[in-house]
Chemist: 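Shown below is the structure under consideration.
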Amino acid sequence: MSWKPNRESPIPVYKQIVQYLEQRISNGEYPPGTLLPSERLLSKELGVNRSTIVAAYEELRAFGIVESLQGKGTLVSKNIWGTSRKRSPNWEKLIETGSFLPNTTMMRAIRKENFDLDLIDLASGELSPDLSATQYFRKIMSNEDFNYQVGYDHSQGNLVLRETIASHLKKMKNIHATPSSVLITSGAQQALYLIVQCLLKPGDAVAIEDPSYCYSLSLFKSAGIRPYLLPVDDHGINPDDIVTLHKQHRIKMVFLNPNFQNPTGSFLDMERRKRVLEISSSYGIPIIEDDPYSLTTFDKTHMSTLKSMDQNGTVLYVSSLSKTVASGLRIGWIFGPQTVIERLADAKQQIDLGPSIIPEWIANQFLSSADFSTHMSKLRESLTFNRDKMVFSLYDQLEDQVEFLVPEGGIHIWCKVKADVNEQQLLKEAMKRGVAFVPGRVFGTEKGYARFTFGRAREEHIYEAISRFSGALRSLK
Ligand SMILES: Cc1ncc(COP(=O)(O)O)c(C=O)c1O
């Protein structure tokens with residue numbers, strides 16, 4: 001909740017809360033029957049005493065606007081509009097029955113609580129604000145040479161940016177692309193969504209890594225796709241597992257995040273890469289290479305992508321600026337066969353009528369300036385510091401209780417927690433102590449893992465964050 005009572009106002013705080021809730025109820029934001037936040041939660045969110053919320057709810061109850069139900073909490077009154085014949089739509093039912101599935105309860109809890117200012121955030125899978133390219137954006141935006149057309153643009157995204165991305169791919173990743181085979185998307189996430197919606201149909205089988213990037217899991221479920229799992233070890237997946245799955249289920253596509261995989265941080269071994277490509281072309285199974293992390297490599301020998309080795313055009317390449325420049329810029333792209341790109345662009349045009357021109361312009365200015373390489377060197381250096389700090393903190397405070405791979409890039413550490421504790425309780429205890437992480441179960445894996453994002457927290461907070469986690473773990477053993 002972003003609204004807060006105004007402490008300077010002559011209106012008592014509890015009255016302001018009454019007015020605020022009353023307004024949301026009459027706006028239809030809280031329809032009749034809606035369960036209002038508990039007194040404890042609301043007092044925390046608004047930064048007031050619980051007794052202030054009790055007084056506000058009491059007044060709303062006296063007006064007949066809300067009612068209390070034993071064991072349930074405070075609800076917006078069902079007959080709020082008196083005896084009139086008005087009926088409100090059954091929003092709850094509509095919410096439950098839509099075909100696009102909601103996030104898991106655990107993910108929603110983490111995202112909600114994570115806005116708490118005291119929490120050290122090791123959960124959000126993105127860069128901390130000070131590692132993002134904000135200072136360069138300020139410089140770009142203060143220039144007055146913005147010269148793009150501001151109408152609806154090309155359905156594949158702005159041509160100048162596509163040209164810049166094509167040369168970026170060649171220079172940074174040894175991928176040879178032409179602008180007409182590139183589609184600009186709202187992050188890699190939209191790229192994955194378009195691929196799933198346009199190239200697959202309900203009932204199709206795909207192979208995905210286990211564990212795997214959590215938002216792609218619900219994407220498949222919502223589209224009725226059957227995901228089959230390829231276990232990931234320290235060197236990525238075992239390519240021959242694709243063959244086994246294909247023989248059993250006729251795999252239509254393989255989704256891989258081969259470079260500093262989310263969540264494990266693993267880097268797909270070179271021999272395994274060759275074998276993946278061999279299998280892909282001998283069985284005609286396309287590979288979706290989801291690659292937001294390759295440029296974060298701490299050591300340049302880990303730079304290659306599957307796409308740069310793809311000689312038969314079986315790889316559809318997805319990437320974005322989220323993990324290197326800024327997640328809020330929402331610039332991603334797909335590179336692949338032109339017919340596929342045109343099909344996806346057509347769908348994208350129906351969804352959002354094209355990308356937003358201002359982020360495209362900023363991305364183009366930044367990628368084509370010398371500042372990009374300065375930023376990348378600084379970012380790699382800072383991420384290496386953060387990684388080292390987290391590795392040290394884990395060894396120092398939890399040495400015999402966790403096992404993990406030290407990643408050579410990316411922003412996550414995937415930790416096996418040896419003690420047999422309930423993940424949900426561990427998360428709750430950790431949040432109580434002021435640290436957020438993502439429990440392994442969210443990534444569809446067996447229980448007993450935690451993902452810590454070292455790119456998100458400030459380096460000076462990492463030791464304290466692991467100490468809070470360690471306290472939570474001790475409290476449950
Ligand atoms: C492997 C992977 N793919 C895709 C995404 C989506 O990123 P974005 O849409 O911000 O580019 C993420 C984000 O965490 C990710 O880790």
Side-chain angles (χ1 to χ4, degrees), residues 133 156-157 159-185 187-188 191-192 195 235-237 239 254-262 265-281 286-325 331-338 340-341 363-364 366-381 383-384 407-411:
Q156 284 176 230
L159 178 60
V160 180
L161 177 59
R162 281 187 282 129
E163 284 166 352
T164 301
I165 286 176
S167 55
H168 165 85
L169 286 175
K170 184 156 174 232
K171 183 165 161 217
M172 310 300 293
K173 307 195 183 187
N174 194 25
I175 293 174
H176 296 260
T178 44
S180 52
S181 299
V182 171
L183 168 65
I184 313 284
T185 56
L192 296 172
I195 292 168
H235 307 283
I237 59 144
V254 180
F255 287 77
L256 296 181
N257 170 206
N259 306 308
F260 317 119
Q261 197 242 9
N262 181 5
S266 67
F267 187 83
L268 186 63
D269 181 270
M270 215 28 97
E271 285 311 308
R272 294 187 186 190
R273 283 173 195 249
K274 290 184 194 146
R275 181 78 186 121
V276 165
L277 292 171
E278 243 171 57
I279 292 169
S280 165
S281 50
I287 307 289
I288 312 304
E289 180 177 24
D290 178 15
D291 180 37
Y293 299 104
S294 59
L295 289 188
T296 59
T297 178
F298 306 150
D299 134 22
K300 294 239 173 85
T301 54
H302 283 95
M303 196 76 121
S304 75
T305 58
L306 277 174
K307 186 67 194 165
S308 63
M309 300 163 66
D310 172 28
Q311 291 180 344
N312 298 311
T314 62
V315 178
L316 203 50
Y317 181 77
V318 171
S319 187
S320 82
L321 297 182
S322 292
K323 314 297 172 174
T324 47
V325 176
I331 293 289
W333 57 87
I334 314 177
F335 163 54
Q338 192 166 336
V340 173
I341 293 300
N364 182 64
F366 188 48
L367 287 177
S368 39
S369 76
D371 288 340
F372 178 66
S373 97
T374 314
H375 166 75
M376 284 309 301
S377 310
K378 167 93 186 13
L379 175 68
R380 284 194 200 104
E381 195 185 320
L383 287 176
T384 314
E408 293 301 323
I411 58 174

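Just so you know, these numbers come straight off a predicted model, no measurement behind them.
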Chemist: Mind checking what makes ring pair (Phe, Tyr, Trp, His ring centres under 6.0 Å) contact with Tyr317, not counting sequence neighbours?
Modeler: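 Residues passing ring pair (Phe, Tyr, Trp, His ring centres under 6.0 Å) with Tyr317: none at all.
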
Chemist: What residues, two or more places apart in sequence or in another chain, satisfy side chain to side chain donor-acceptor pair (under 3.5 Å) together with Lys323?
Modeler: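 If we apply the side chain to side chain donor-acceptor pair (under 3.5 Å) test to Lys323, skipping adjacent residues, there are no hits.
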
Chemist: Charged N to carboxylate O under 4.0 angstrom, Lys307 versus Asp291?
Modeler: no

Chemist: Is there a side-chain contact between Pro286 and Leu316 in this structure, where contact means two heavy atoms from C-beta onward sitting under 4.5 Å apart?
Modeler: no

Chemist: For Lys274, check side chain to side chain donor-acceptor pair (under 3.5 Å) against everything at least two apart and list the hits.
Modeler: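 For Lys274 the side chain to side chain donor-acceptor pair (under 3.5 Å) partners, ignoring immediate neighbours, are Glu271.
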
Chemist: Is the closest side-chain heavy-atom distance between Ser181 and Val340 below 4.5 Å?
Modeler: no

Chemist: In chain order, what residues pass the side chain to side chain donor-acceptor pair (under 3.5 Å) check against Arg273, with sequence neighbours excluded?
Modeler: Asn259

Chemist: Could you pull out all residues at least two apart from Ile341 that satisfy side chain to side chain contact (heavy atoms under 4.5 Å, CB included)?
Modeler: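 Gln156, Leu183, Ile334.
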
Chemist: So, using salt bridge (charged side-chain N to carboxylate O under 4.0 Å, His left out) as the criterion, who are the partners of Glu278 when residues are at least two apart?
Modeler: Arg275

Chemist: Any idea which heavy atoms bring Leu268 and Gly236 closest together, and the distance?
Modeler: CD1-CA, 3.9 Å

Chemist: For Lys173, run the side chain to side chain contact (heavy atoms under 4.5 Å, CB included) check against Ser319, Ser304, Ser308 and tell me which one passes.
Modeler: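 Passing option: Ser319.
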
Chemist: Would you please name every residue forming a side chain to side chain contact (heavy atoms under 4.5 Å, CB included) with Ser369, sequence neighbours left out?
Modeler: Phe366, Asp371

Chemist: Which atom names give the shortest non-hydrogen contact between His375 and Thr324, and what distance separates them?
Modeler: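 Of all heavy-atom pairs spanning His375 and Thr324, the closest is NE2-O, 2.6 Å.
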
Chemist: Quick check for you: to the nearest 0.5 Å, what is the distance between Thr296 atom OG1 and Met376 atom CE?
Modeler: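 One finds 7.0 Å between OG1 of Thr296 and CE of Met376.
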
Chemist: Hey, are the side chains of Met172 and Leu367 touching, using non-hydrogen atoms and a 4.5 Å cut-off?
Modeler: no

Chemist: Rounded to the nearest 0.5 Å, how far does CZ of Phe372 lie from OG1 of Thr164?
Modeler: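 Interatomic distance, Thr164 OG1 to Phe372 CZ, rounded to 0.5 Å: 11.5 Å.
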
Chemist: Can you sort out the partners of Glu163 under side chain to side chain donor-acceptor pair (under 3.5 Å), two or more places apart, ordered by chain and number?
Modeler: none

Chemist: With a 4.5 Å limit on heavy-atom distance, are the side chains of Trp333 and Leu161 in contact?
Modeler: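 Trp333 does not reach Leu161 side chain to side chain.
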
Chemist: For Thr384, check side chain to side chain contact (heavy atoms under 4.5 Å, CB included) against everything at least two apart and list the hits.
Modeler: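 Counting only residues at least two positions away or on another chain, Thr384 forms a side chain to side chain contact (heavy atoms under 4.5 Å, CB included) with Phe298, Arg387, Asp388.
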
Chemist: Could you work out, with side chain to side chain contact (heavy atoms under 4.5 Å, CB included) as the rule, every residue matching Ser320, not counting sequence neighbours?
Modeler: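 Applying side chain to side chain contact (heavy atoms under 4.5 Å, CB included) to Ser320 gives Ala188, Pro292, Ser322.
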
Chemist: Among all residues two or more places apart in sequence or in another chain, which pass the salt bridge (charged side-chain N to carboxylate O under 4.0 Å, His left out) test with Arg272?
Modeler: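 Salt bridge (charged side-chain N to carboxylate O under 4.0 Å, His left out) list for Arg272, sorted by chain: Asp233.
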
Chemist: Please say which of Val318, Leu256, Thr305 ends up in a side chain to side chain contact (heavy atoms under 4.5 Å, CB included) with Glu289.
Modeler: Thr305

Chemist: For the residue pair Phe255 and Asp290, establish whether any side-chain heavy-atom pair is separated by less than 4.5 Å.
Modeler: no

Chemist: Could you tell me if the side chain of Phe260 sits less than 4.5 Å from the side chain of Ile411, heavy atoms only?
Modeler: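 Side chain of Ile411 against side chain of Phe260, heavy atoms only: no contact under 4.5 Å found.
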
Chemist: Within the structure provided, determine whether Val254 and Ser280 are in side-chain contact (heavy-atom separation under 4.5 Å).
Modeler: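 SC-SC contact between Val254 and Ser280 ruled out.
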
Chemist: According to salt bridge (charged side-chain N to carboxylate O under 4.0 Å, His left out), who are the partners of Asp269, at least two apart in sequence or on a separate chain?
Modeler: none

